[in-house]
Amino acid sequence: VMLVEQPEDSIHLGLISKLLDLLKSYSDGRSVIMTTHASAMLNALSPEAVRLVTMSQGITELRSLTRPE
């Protein structure tokens, strides 16, 4: 498992696609968990690759994006 926390805080936004390509090349057979708030990062991923994590009343939920999202 590889954990990456908000990589957009450390790199130029123009390098996001290169970073994602690099992570994909290392992720063969591995899980990559990345946190982000950057729309540029989310837009560079396919919707199937994104999971939304929310917490409400102390309960954490993880889900795929809905079609409208």
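Quick note: numbers below take in every heavy atom, side chains included, and nothing from hydrogens, waters or symmetry partners.
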Before you tell me yes or no, could you show the steps for Leu19 and Glu8 under side-chain contact (heavy atoms from CB on, under 4.5 Å), namely the whole-Å CA-CA distance, both residues' side-chain angles and the distance that decides it to 0.1 Å?
CA-CA 10 Å; Leu19 173 65; Glu8 70 274 7; over 6 Å; no

If every non-hydrogen atom of Gly14 is compared with every non-hydrogen atom of His12, which pair is closest and at what distance?
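Smallest interatomic distance, heavy atoms only, reads N-ND1, 2.8 Å.
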
Distance in Å, [X] [atom1] paired with [Y] [atom2], rounded so as to fall on 0.5 Å steps:
| X | Y | atom1 | atom2 | result |
| --- | --- | --- | --- | --- |
| Ile11 | Asp9 | CD1 | CG | 10.0 Å |
| Asn43 | Ser17 | CG | OG | 12.0 Å |
| Glu69 | Leu42 | CD | CG | 11.0 Å |
| Ser10 | Leu15 | OG | CG | 11.5 Å |
| Gln6 | Thr36 | CD | OG1 | 6.5 Å |

If hydrophobic clusters are built by linking Ile, Leu, Val, Met, Phe, Trp and Tyr wherever their side-chain heavy atoms come under 4.5 Å apart, do Ile33 and Leu52 end up in the same one?
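Different hydrophobic clusters.
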
Please determine whether residues Ile16 and Tyr26 belong to a single hydrophobic cluster, defined as Ile, Leu, Val, Met, Phe, Trp and Tyr linked transitively by side-chain heavy-atom distances below 4.5 Å.
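In one cluster: yes.
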
Is any NZ, NE, NH1 or NH2 atom of the basic residue among Glu61 and Arg51 found under 4.0 Å from an Asp or Glu carboxylate oxygen of the other?
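Between Arg51 and Glu61 there is no salt bridge, as every charged N stays at least 4.0 Å from the carboxylate O atoms.
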
Apart from Ile59 itself, what residues make up its hydrophobic cluster when side-chain heavy atoms of I, L, V, M, F, W and Y under 4.5 Å apart count as a link, directly or indirectly?
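Answer for Ile59: none, a lone residue.
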
Quick check: do Met41 and Leu20 have side-chain heavy atoms less than 4.5 Å from each other?
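They are in contact (side-chain heavy atoms under 4.5 Å apart), so the answer is yes.
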
Side-chain heavy atoms of Met34 within contact of Leu23, under 4.5 Å
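Met34 vs Leu23: side chains touch.
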
